S.K.: 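Here it is, the structure in full.
Only a predicted model underlies this, so the values are computations on that prediction, with no experimental measurement involved. For this chain, numbers begin at 1 and follow the sequence in order. All ligand and atom numbering here is 1-based and tracks the order in the structure.
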Amino acid sequence: MAKPVVAIVGRPNVGKSTFFNKLAGKRIAIVEDKPGVTRDRIYADVEWLNYNFTLIDTGGLEPESKDIILSQMRAQAKIAIETADVIVFMVDGRTGLVAADEEIANLLRKTGKPVLLVVNKVDTSKLPDSFYDFYQLALGDPVPISSTNALGLGDLLDEIVKRFPKNDVEEYEDEAIKVAVIGKPNVGKSSIINTILGEERVIVSDIAGTTRDAIDTPFVHGNDKYVFIDTAGIRRKSRVVEDIEKYSVVRSLGAIDRANVCIMMIDATEGVTEQDKKIAGYAHEAGKATVIVVNKWDAVKKETNTMNEYVKEIRNQLSFMSYAPILFVSAVTKQRVHKILETVKFISNQHSMRVPTGRLNDVINEAILLNQPPSDKGKRLKIYYVTQISVRPPVFVIFVNDRELTHFSYTRYIENKIREAFGFEGTPISILYREKG
Ligand code: GDP
Ligand code: GDP
């Protein structure tokens with residue numbers, strides 16, 4: 001399922017961030033690559049009933065002077081219009097309707113996206129007289145809430161989830177490999193996608209006849225079916241000012257959730273940036289298979305050791321994904337681009353690999369003989385039995401005498417032994433412990 005995006009738009013001080021903080025569950029900080037600009041709290045995962053969505057606080061961009069409030073609001077509205085599935089337009093029930101509200105309403109009304117007009121700071125059950133003025137914005141029934149008193153939030157969330165797009169994501173056959181091309185703006189995501197889709201041996205499914213925008217791009221290569229996830233989001237170029245391009249990362253995250261395999265793009269001319277680490281970290285945490293693709297390799301001046309040095313640097317910066325293969329490509333000269341799908345297919349297989357329990361236990365027993373499990377206060381960790389409980393990503397359960405005795409360095413040792421024996425290239429693996437009486 002696609003994860004819908006909800007954006008909050010509104011004048012400064014109407015209560016956007018108060019509202020955001022009330023709803024925000026797990027937060028993902030986004031750090032801009034520019035020095036000195038660190039903003040977190042831009043978006044958060046929210047759960048309501050059976051829905052999961054991403055909430056964006058476009059107010060993360062505060063104007064530095066009053067003069068530019070209006071232009072900032074236009075920028076906010078643009079982000080919302082380009083990124084969001086549902087727009088929450090927040091106004092202030094205490095100050096009542098003001099001209100700037102009308103200005104923004106005019107922009108939002110034209111989008112064709114669902115807009116919910118929310119009147120904040122209605123702190124009691126009695127609606128203020130000014131409430132009715134908001135009907136003039138012609139955005140339907142205003143929804144009263146109080147962010148500070150947490151009033152009306154449940155009803156509002158009900159209204160939000162009702163407006164999520166229905167069935168806008170197709171279900172793909174199980175054998176299709178779902179691929180997310182991820183990375184920061186301008187790294188070459190759309191160039192790579194177009195180069196791969198432009199290859200002779202790739203057959204892009206005929207989607208003519210469908211009325212809505214196709215979100216994903218299914219295609220066939222050799223005997224294998226693939227889907228590029230959220231190509232609409234990548235190919236529809238955002239014209240918003242550079243300062244706010246980080247919002248496009250939200251789309252990357254949504255695509256990761258729906259994919260099996262991620263193509264994590266790095267710009268060879270820039271090296272690994274903070275933003276890259278965040279995005280790659282998300283793919284890792286989500287348990288996806290990943291290939292690291294260093295693009296724009298044509299633009300790098302090369303000496304004998306350039307590639308080796310580069311590999312070292314990536315391993316260093318993205319140390320949590322030492323399992324990911326690295327490819328150096330150029331979307332412009334097409335150098336090694338044909339390797340990408342080959343690698344995607346390979347790591348997709350590794351990601352779904354299930355190893356035989358007998359062999360797995362042989363490997364672990366041998367590992368234990370070579371390097372004894374840790375002990376504490378005279379008590380030693382005993383490993384009884386190991387089994388793989390799932391694939392995509394592979395998860396192993398180790399039955400032990402006492403979980404307290406486990407140690408991350410020993411877990412890493414076991415992980416390395418499993419990888420040595422079976423591969424699992426390109427995929428994170430998880431190891432869990434269970435006590436057995
Ligand atoms: P933003 O600029 O739109 O993000 O607004 P903030 O969330 O920073 O809120 C601006 C001010 O309004 C703060 O002083 C908040 O405490 C206050 N505020 C926010 N929500 C409410 C509310 O529901 N009721 C009242 N009375 N004040 C609120
Ligand atoms: P996206 O924002 O990640 O989708 O990036 P684009 O595909 O739009 O590419 C951003 C810019 O980088 C464009 O100007 C491309 O022409 C350029 N670019 C993309 N791939 C390469 C490459 O392999 N080599 C060079 N030199 N430039 C590239």
S.K.: When you look at R412 and E415, which way does the salt bridge (charged side-chain N to carboxylate O under 4.0 Å, His left out) test go after all the steps?
M.R.: CA-CA 5 Å; R412 196 162 51 196; E415 175 176 342; over 6 Å; no
S.K.: What atoms of ligand 2 come within less than 4.0 Å of a heavy atom belonging to S330?
M.R.: 23 (O)
S.K.: With atoms numbered from 1 as shown, which atoms in ligand 1 lie under 4.0 angstrom from a non-hydrogen atom of R94?
M.R.: 26 (N)
S.K.: At a 4.0 Å threshold, what atoms of ligand 1 neighbour a non-hydrogen atom of T18?
M.R.: 6 (P), 7 (O), 9 (O), 15 (C), 19 (C), 20 (N)
S.K.: Tell me whether E274 is salt-bridged to K278, with the criterion being a basic N under 4.0 Å from an acidic carboxylate O.
M.R.: no
S.K.: Just to verify, which of V311, L318, I263 counts as forming a side chain to side chain contact (heavy atoms under 4.5 Å, CB included) with I292?
M.R.: L318
S.K.: Tell me, which pairs form a ring-ring contact (aromatic ring centres under 6.0 Å, His included) where one or both residues lie in residues 286-332, sequence neighbours left out?
M.R.: H284-F320, H284-Y323, W297-Y310, W297-F328, Y310-F328
S.K.: Between V329 and ligand 2, is there a nitrogen or oxygen pair with a distance under 3.5 Å?
M.R.: no
S.K.: Does G183 reach ligand 2, in the sense of a heavy atom lying below 4.0 Å from it?
M.R.: no
S.K.: Please determine if S147 has a nitrogen or oxygen closer than 3.5 Å to a nitrogen or oxygen of ligand 1.
M.R.: yes
S.K.: Using side chain to side chain donor-acceptor pair (under 3.5 Å) as the criterion, list what pairs up with D129, not counting sequence neighbours.
M.R.: none
S.K.: Can you sort out which atoms of ligand 1 are near P12, meaning under 4.0 Å from one of its heavy atoms?
M.R.: 2 (O)
S.K.: Would you mind listing which atoms of ligand 1 come within a distance below 4.0 Å of any non-hydrogen atom of R11?
M.R.: 3 (O)
S.K.: Relative to the heavy atoms of D298, which atoms of ligand 2 are at a distance of less than 4.0 Å?
M.R.: 22 (C), 23 (O), 24 (N), 25 (C), 26 (N)
S.K.: List every atom of ligand 1 that sits less than 4.0 Å from any heavy atom of N13, numbering the atoms from 1 in the order shown and giving each element.
M.R.: 1 (P), 2 (O), 3 (O), 5 (O), 10 (C), 12 (O)
S.K.: Looking only at N/O atoms, are P185 and ligand 2 under 3.5 Å apart anywhere?
M.R.: no
S.K.: Flag the pair D216 and K178 as a salt bridge only when some basic side-chain nitrogen lies within less than 4.0 angstrom of an acidic carboxylate oxygen.
M.R.: no
S.K.: Which atoms of ligand 1 are found less than 4.0 Å from any heavy atom of K16?
M.R.: 1 (P), 2 (O), 3 (O), 4 (O), 5 (O), 7 (O)
S.K.: Should we count NZ of K277 as having more than 12 external heavy atoms under 6.0 Å?
M.R.: yes
S.K.: I'd like to check whether V187 has a polar contact with ligand 2, where a contact means an N/O of the residue lying under 3.5 Å from an N/O of the ligand.
M.R.: yes
S.K.: Look at the side chain of N316 and the backbone N and O of K312, then say whether any donor-acceptor pair between them is shorter than 3.5 Å.
M.R.: no
S.K.: Can a non-hydrogen atom of M90 be found less than 4.0 Å from any atom of ligand 1?
M.R.: no
S.K.: Which option, L151, I145, D123, owns the non-hydrogen atom nearest atom 24 (N) of ligand 1?
M.R.: D123
S.K.: Distance under 4.0 Å to a non-hydrogen atom of N186: what atoms of ligand 2 satisfy this?
M.R.: 1 (P), 2 (O), 3 (O), 5 (O), 10 (C), 12 (O)
S.K.: Answer with yes or no whether the side chains of S348 and N260 bring together a donor and an acceptor at under 3.5 Å.
M.R.: no
S.K.: Backbone N or O of V14 within a donor-acceptor pair of the K16 side chain at under 3.5 Å?
M.R.: no
S.K.: Which ligand 1 atoms, with their elements, are less than 4.0 angstrom from a heavy-atom of S17?
M.R.: 1 (P), 4 (O), 6 (P), 7 (O), 8 (O)
S.K.: Geometry only, no angles: is W297 polar-contacting ligand 2 at N/O separations under 3.5 Å?
M.R.: no
S.K.: Polar-atom distance check: F19 versus ligand 1, any N or O pair below 3.5 Å?
M.R.: no
S.K.: Could you list the atoms of ligand 1 found under 4.0 angstrom from a heavy atom of S146?
M.R.: 23 (O)
S.K.: Name the orientation class of the two ring planes belonging to Y135 and Y132 (parallel below 30°, tilted from 30 to 60°, perpendicular beyond 60°).
M.R.: parallel
S.K.: Donor-acceptor pair, distance only, cut-off 3.5 Å: does the side chain of T411 make one with the backbone of H407?
M.R.: yes
